[in-house]
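One structure coming up, written as structure tokens, with questions to follow.
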There are 2 protein chains.
Amino acid sequence: MQNSMPPLSALRAFEATARLGSVTAAAEELSVTHGAVSRQLKSLDEHFGVALFSKAGRGIVLTPHGEKLQSGLSEAFSKLRDSCAALKRDVEEAPFTLACPGSLLARWLIPRLDRLHRELPELKLKVVVSDTEQPGKQTDASATLAFSEPPWPADVDVIELIPEQICAVASPQLAAQLDPADPQTLFSTQLLYTASRPQAWPQWASAQGLEQAQLEAALSEGQGFEHLYYLMEAAVAGLGVAIAPTLLVEDDLKSGRLVAPWGSIETSARLCLWLPNQTNNHRSEPLAKWLKSELKTAS
Amino acid sequence: MQNSMPPLSALRAFEATARLGSVTAAAEELSVTHGAVSRQLKSLDEHFGVALFSKAGRGIVLTPHGEKLQSGLSEAFSKLRDSCAALKRDVEEAPFTLACPGSLLARWLIPRLDRLHRELPELKLKVVVSDTEQPGKQTDASATLAFSEPPWPADVDVIELIPEQICAVASPQLAAQLDPADPQTLFSTQLLYTASRPQAWPQWASAQGLEQAQLEAALSEGQGFEHLYYLMEAAVAGLGVAIAPTLLVEDDLKSGRLVAPWGSIETSARLCLWLPNQTNNHRSEPLAKWLKSELKTAS
DNA sequence: ATAAATGCGTGACTCCAGCTCACATATAGC
DNA sequence: GCTATATGTGAGCTGGAGTCACGCATTTAT
């Protein structure tokens with residue numbers, strides 16, 4: 001039974017040729033040369049031990065045997081195509097769920113969400129707040145957007161978007177008391193930070209050439225917040241100098257609610273798109289591309 | 001539409017795996033290793049951008065998407081298999097028509113036809129008298145059995161079975177007047193021959209070292225017959241010495257109706273099986289094999 | 001008639017999809 | 001614990017399937 005099945009590619013070539021009535025046309029449909037199709041047809045003839053086409057003028061026509069085969073195959077192949085198309089449609093019409101930390105969601109993604117929807121409508125994007133520290137483990141999300149540091153686990157796809165930059169920000173009033181040329185003046189204020197990024201201040205300080213001991217002393221008198229939202233409000237209120245990803249405070253810097261006296265520094269972390277399963281790449285690729293271009297124009 | 005079709009072999013691997021519920025079992029059915037199937041499944045996952053199987057214990061189960069695809073594919077593939085099987089059955093159940101010259105048919109094939117039918121029943125052999133001089137041109141025959149000389153046209157398959165042998169035969173009474181050691185004594189009798197093989201006597205005479213001029217003189221006084229049947233009857237009746245393929249007079253030699261005083265000589269012709277179309281080889285191959293073995297045991 | 005265009009078949013060559021092999025990993029049963 | 005079963009995967013090899021170029025047959029245009 002099984003050994004009686006000819007190569008499937010030959011059957012496909014036959015079906016296309018029979019349907020179109022031309023080797024050349026079938027070759028075009030299958031994106032190969034007519035020679036390739038011709039060989040496939042010959043191999044089918046040999047497999048079945050009977051001619052399926054005969055020459056007619058400069059073209060070909062089906063023999064009775066060929067017609068019989070065609071009538072069955074065309075049905076089978078159209079069912080095959082339908083099944084694949086149906087699955088593909090199902091997959092593509094399902095919403096693409098992007099998980100994202102609340103701070104990134106609120107301060108960067110949501111302002112761009114409308115344009116994203118308009119420019120990639122076929123994604124049917126839904127966004128959710130990521131509920132775990134491990135970006136790859138979010139099983140109900142198609143992808144996760146997050147800042148994270150290499151190395152990444154081998155069993156997930158991680159697309160690097162841009163390096164993370166962080167900056168120290170303060171209200172304009174407070175900044176007026178600080179020296180843009182001397183980061184040291186920072187220590188005259190209270191240090192503000194989020195609990196989720198304890199390494200931010202040390203990284204910044206080390207990049208600015210500040211003493212580690214002095215920083216630690218200042219940090220112990222500093223103030224931590226649960227969420228970036230509160231941190232920003234505290235900074236705006238002039239409670240002290242906050243450390244935050246530059247990407248998330250750009251709007252505040254532009255509007256003048258906050259200033260960053262000493263500029264930004266780059267960290268070893270990256271803004272990444274995590275793809276938990278190795279699959280649905282063609283849906284995530286346009287998203288990754290969009291994110292990259294969006295991040296490029298913004299900077 | 002077309003570019004959305006995944007590789008057919010991957011679909012077949014998926015269908016088998018889904019049907020059997022096991023990669024290993026599918027691999028066995030497809031006569032490949034489980035690794036090969038595993039890769040095909042992975043490529044399908046990537047094509048559709050969705051997992052079609054998920055791990056369950058040490059085996060696998062279909063995901064909802066996988067089940068959906070399977071339900072369509074199993075139908076399509078069974079239709080495909082049915083179509084191919086139906087065609088194959090049609091071809092194999094059609095009678096195999098063997099064309100053959102009347103003399104060969106009557107004096108060699110027919111006596112063996114009963115055994116041939118019994119030993120190759122699936123051939124459903126029919127025999128017809130060939131109606132053309134060109135063995136390959138018999139369009140209504142699946143194959144033609146005939147003596148013929150190389151070279152053969154390039155567009156037909158010709159299977160050589162055995163070299164042709166010819167011999168000069170006479171009735172025992174007439175042969176008593178001839179000298180087995182001296183072919184020359186032949187010329188004391190009338191030469192008998194068939195119109196279809198004018199070159200037989202010259203070939204035989206040349207092999208026996210007889211003079212060409214003497215032969216031609218004798219031939220001009222000889223007697224030609226339309227068919228081998230009449231030639232044989234003339235020889236049996238003692239009208240003269242006939243020249244004929246050894247294969248076709250073996251029974252007469254064995255029974256003593258005729259004798260061949262000077263033995264047989266080999267000619268450049270061959271008993272051949274002509275296959276007009278390059279197809280149905282698997283049906284003609286057993287026949288060719290049978291013919292060869294039959295010819296070997298007979299000699 | 002002659003020339004050009006169209007369509008199919010095929011020899012020679014190339015290349016990569018798909019296979020095997022071997023090993024890794026994970027689960028089930030003892 | 002150990003063993004058997006089942007799937008995943010890196011490395012490497014091979015033959016099937018493709019391309020190219022040409023030949024042949026037929027149709028259409030000049």
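A note on names: the letters A, B, ... follow the listed sequences, proteins ahead of strands, and every chain is numbered from 1. Predicted, not measured: the structure shown is a model, and the values here were computed from it.
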For atom CD of A:E28, decide whether the heavy atoms of other residues, nucleotides or ligands shown that lie under 6.0 angstrom number more than 12.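 No.
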Evaluation steps, side chain to side chain contact (heavy atoms under 4.5 Å, CB included), between B:L8 and A:L11: CA-CA 10 Å; B:L8 292 174; A:L11 289 178; over 6 Å; no
How many Å lie between CG on B:L52 and C1' on D:dT7, as a whole number?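 After rounding, the gap between these two atoms is 16 Å.
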Which whole-number value in Å describes the distance from A:L20 CG to C:dC8 C1'?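 Roughly 16 Å, once rounded to whole Å.
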Name of the residue among B:L161, B:L271, B:T267 meeting side chain to side chain contact (heavy atoms under 4.5 Å, CB included) with B:F147: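 For B:F147, the side chain to side chain contact (heavy atoms under 4.5 Å, CB included) test succeeds with only one of B:L161, B:L271, B:T267, which is B:L271.
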Atom CD of A:E28 and atom C1' of C:dT6: how far apart are they, to the nearest Å?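 That distance rounds to 14 Å.
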B:E149 versus B:S268, side-chain donor and acceptor atoms under 3.5 Å: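 B:E149 and B:S268 do have a side-chain donor-acceptor pair below 3.5 Å.
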Name the pairs: protein N/O against N/O of nucleotides 27-30 of chain D, kept only if under 3.5 Å.
none

Would you mind reading off the distance between B:L62 atom CG and D:dT7 atom P, rounded to a whole angstrom?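 Between P of D:dT7 and CG of B:L62: 13 Å.
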Under 4.0 Å protein heavy-atom contacts per nucleotide of nucleotides 15-24 of chain C, with B for base, S for backbone only and - for none: ---SSB----
Could you state the NZ-C1' distance from A:K42 to D:dA17, rounded to the nearest angstrom?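 Rounded to whole Å, this separation is 14 Å.
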Phosphate oxygens OP1/OP2 of D:dT7: is one of them under 4.0 Å from a side-chain N or O of B:S22?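 True: B:S22 side-chain N/O within range (under 4.0 Å) of D:dT7 OP1/OP2.
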Stepwise side chain to side chain donor-acceptor pair (under 3.5 Å) test for A:S148 and A:W274: CA-CA 10 Å; A:S148 40; A:W274 293 64; 3.2 Å; yes
For B:E75, is there an ion pair with B:K79 - N to carboxylate O distance below 4.0 angstrom?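 B:E75 and B:K79: not salt-bridged.
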Short N-O contact, B:E164 and B:R270, less than 4.0 angstrom: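 Salt bridge between B:E164 and B:R270, a charged N being under 4.0 Å from a carboxylate O: no.
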Figure out the CG/C1' separation between A:D45 and C:dG9, and round it to whole Å.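 Distance, rounded to whole Å: 12 Å.
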Would you mind reading off the distance between A:I60 atom CD1 and D:dT26 atom P, rounded to a whole angstrom?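 It is 15 Å, rounded to the nearest whole Å.
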With heavy-atom distances below 4.5 Å as the criterion, would you say the side chains of A:Q40 and A:F14 are in contact?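 Not in contact.
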Nucleotide D:dT9, atom C1' - distance to NZ of B:K55 in whole Å: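 Between C1' of D:dT9 and NZ of B:K55: 11 Å.
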Checking side chain to side chain contact (heavy atoms under 4.5 Å, CB included) between B:L105 and each of B:L145, B:L113, B:V128, B:V127, which is the one that passes?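 Single pass found, and it is B:V127.
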Between A:T24 and C:dT6, is there a side-chain N or O to OP1/OP2 distance below 4.0 Å?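 No.
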Taking only the side-chain nitrogens and oxygens of B:S38, find out if one of them lies under 4.0 Å from OP1 or OP2 of D:dG8.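 Checking D:dG8 against B:S38, a side-chain N or O does come within under 4.0 Å of OP1 or OP2.
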